[in-house]
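Every heavy atom of this structure was used, including side-chain atoms; hydrogens, water molecules and symmetry mates were not. Given the structure is predicted, the values throughout are model-derived calculations rather than measurements.
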Amino acid sequence: MKDLIDRLGTLFTLGDITEKRDDLAFVSVAPDLLRAVITHLRDVEGFSHLVLLTAVDWIEGGRFQLTYLVNNRTKACDIGLRVFIDREEATMAGIHDLWPTAATYQRELKEMFGIDFPGSPRIDEEFILEGWTDIPPYRRDFDTKKYAEETYFHRPGRETFDPATHMKDKLYPGEAS
């Protein structure tokens with residue numbers, strides 16, 4: 001992995017590097033370099049499989065972290081490319097032309113975080129959340145409790161139990177709690 005990181009470092013400006021194991025590392029790259037780095041990994045270094053594309057909402061820092069994890073099956077190793085984008089103008093170039101499966105991840109990130117990938121196939125179509133009208137639910141400023149209270153009705157007669165006490169009473173009836 002160190003040889004790969006060194007080769008990438010001679011070709012591209014890299015940010016933070018985290019080597020988790022001999023076969024797994026994460027490297028931060030600027031958004032405008034992602035395409036060049038990931039294309040190099042695919043075409044030159046043998047990383048032929050996009051394992052995942054995911055996001056983290058760093059609301060405190062006002063940005064999203066996108067992680068592109070790619071796999072080299074021949075060498076049995078993975079490398080994750082971390083890209084940070086502005087949270088308020090969450091837009092990133094798509095890579096669906098490099099890996100068609102990326103289109104699905106990009107649709108999911110658009111719906112769940114509000115991150116746009118202009119030009120990605122079917123990016124503006126509903127994916128999972130049919131009829132959703134609130135802010136994207138994976139954004140950390142989404143208030144789940146408020147949404148549930150405003151959207152769903154309270155079911156009368158529903159009780160809440162302390163799980164430890166409830167199970168003890170069910171499993172050992174008659175014994176003092």
What distance do [X] atom [atom1] and [Y] atom [atom2] have between them, rounded to the nearest 0.5 Å?
X: Thr104; Y: Trp99; atom1: OG1; atom2: CH2; value: 15.0 Å
X: Ser48; Y: Leu41; atom1: OG; atom2: CG; value: 11.5 Å
X: Leu50; Y: Asn71; atom1: CG; atom2: CG; value: 10.0 Å
X: Ile5; Y: Thr10; atom1: CD1; atom2: OG1; value: 11.5 Å
X: Thr91; Y: Ile85; atom1: OG1; atom2: CD1; value: 7.0 Å
X: Arg35; Y: Ile95; atom1: CZ; atom2: CD1; value: 8.0 Å

Phe26 and Ile79: side chain to side chain contact (heavy atoms under 4.5 Å, CB included), yes or no, with the steps? CA-CA 6 Å; Phe26 292 89; Ile79 187 164; over 6 Å; no

Selection residues 110-123 - residue pairs positive for salt bridge (Lys or Arg N to Asp or Glu O under 4.0 Å), sequence neighbours left out: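 Counting only pairs at least two positions apart or across chains, the salt bridge (Lys or Arg N to Asp or Glu O under 4.0 Å) contacts touching residues 110-123 are Lys110-Asp116, Lys110-Asp124, Arg122-Glu125.
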
Under the ring-ring contact (aromatic ring centres under 6.0 Å, His included) rule, what do His96 and Tyr105 come out as? Steps first, then yes or no, please. CA-CA 9 Å; His96 53 277; Tyr105 291 118; over 10 Å; no

Does [X] come within less than 4.0 Å of [Y], counting only side-chain N to carboxylate O?
X: Lys2; Y: Asp6; result: yes
X: Lys168; Y: Glu175; result: no
X: Glu45; Y: Lys75; result: no

For the backbone of [Y] and the side chain of [X], can you confirm whether one donor and one acceptor N or O come within less than 3.5 Å of each other?
X: Glu126; Y: Gly131; value: yes
X: Thr39; Y: Ala36; value: no
X: Arg139; Y: Phe113; value: yes
X: Asp86; Y: Arg63; value: no
X: Arg42; Y: Phe47; value: no

Could you go through the side-chain hydrogen bond (donor to acceptor under 3.5 Å, both in side chains) check for Arg82 and Thr67 one step at a time? CA-CA 5 Å; Arg82 294 179 297 216; Thr67 301; over 6 Å; no

Minimum heavy-atom distance [X]-[Y], with the two atoms named:
X: Met1; Y: Asp23; value: CE-C, 3.7 Å
X: Pro121; Y: Ala103; value: CD-CB, 4.0 Å
X: Tyr68; Y: Ala93; value: OH-O, 4.3 Å

Can you name the residues that form a salt bridge (charged side-chain N to carboxylate O under 4.0 Å, His left out) with Arg73, not counting sequence neighbours?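 Once residues adjacent in sequence are excluded, Arg73 has no partner under the salt bridge (charged side-chain N to carboxylate O under 4.0 Å, His left out) criterion.
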
Which residues pass the salt bridge (charged side-chain N to carboxylate O under 4.0 Å, His left out) test with Asp22, not counting sequence neighbours?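 Counting only residues at least two positions away or on another chain, Asp22 forms no salt bridge (charged side-chain N to carboxylate O under 4.0 Å, His left out).
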
Sub-4.5 Å side-chain heavy-atom contact between [X] and [Y]:
X: Thr54; Y: Glu108; value: no
X: Leu24; Y: Cys77; value: no
X: Val83; Y: Leu33; value: no

Val56: which other cluster members, linking ILVMFWY side chains closer than 4.5 Å, directly or transitively?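 Once heavy-atom contacts under 4.5 Å are chained together, Val56 belongs with Trp58, Phe84.
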
Checking one residue: Ile59. Which other hydrophobic residues are in its cluster under the side-chain 4.5 Å linking rule?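 None, because no other hydrophobic side chain comes under 4.5 Å of this residue.
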
CA sep, side-chain torsions, deciding dist, call: Asp16, Val27, side chain to side chain contact (heavy atoms under 4.5 Å, CB included): CA-CA 6 Å; Asp16 294 335; Val27 178; over 6 Å; no

Are Ile128 and Tyr138 linked, directly or through other ILVMFWY residues, by side chains that come within less than 4.5 angstrom of each other?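 Yes: a chain of side-chain contacts under 4.5 Å links Ile128 to Tyr138.
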
Hydrophobic cluster membership, Tyr172 vs Met167, 4.5 Å side-chain cutoff: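 As far as the 4.5 Å side-chain criterion goes, Met167 and Tyr172 are connected within one cluster.
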
Run the side chain to side chain contact (heavy atoms under 4.5 Å, CB included) test on His49 and Val70 for me, step by step, so that the C-alpha distance in whole Å, both residues' side-chain angles and the decisive distance to 0.1 Å come before the verdict. CA-CA 6 Å; His49 178 66; Val70 293; over 6 Å; no

Among Leu69, Asn72, Leu52, find the one that has a side-chain contact (heavy atoms from CB on, under 4.5 Å) with Asp78.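 In the set Leu69, Asn72, Leu52, the residue that makes a side-chain contact (heavy atoms from CB on, under 4.5 Å) with Asp78 is Leu69.
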
Other residues, nucleotides, ligands: >12 heavy atoms within 6.0 Å of Tyr152 OH: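 Atom OH in Tyr152 is not crowded, with 12 or fewer foreign heavy atoms closer than 6.0 Å.
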
side-chain hydrogen bond (donor to acceptor under 3.5 Å, both in side chains): which pairs involve residues 127-137, sequence neighbours left out?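 Sorted pair list comes back empty.
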
Could you walk me through whether Leu66 and Leu109 satisfy the side chain to side chain contact (heavy atoms under 4.5 Å, CB included) test, starting with their C-alpha distance in whole Å, then the side-chain angles of each, then the deciding distance to 0.1 Å, before giving a yes or no? CA-CA 9 Å; Leu66 300 175; Leu109 295 180; 4.1 Å; yes

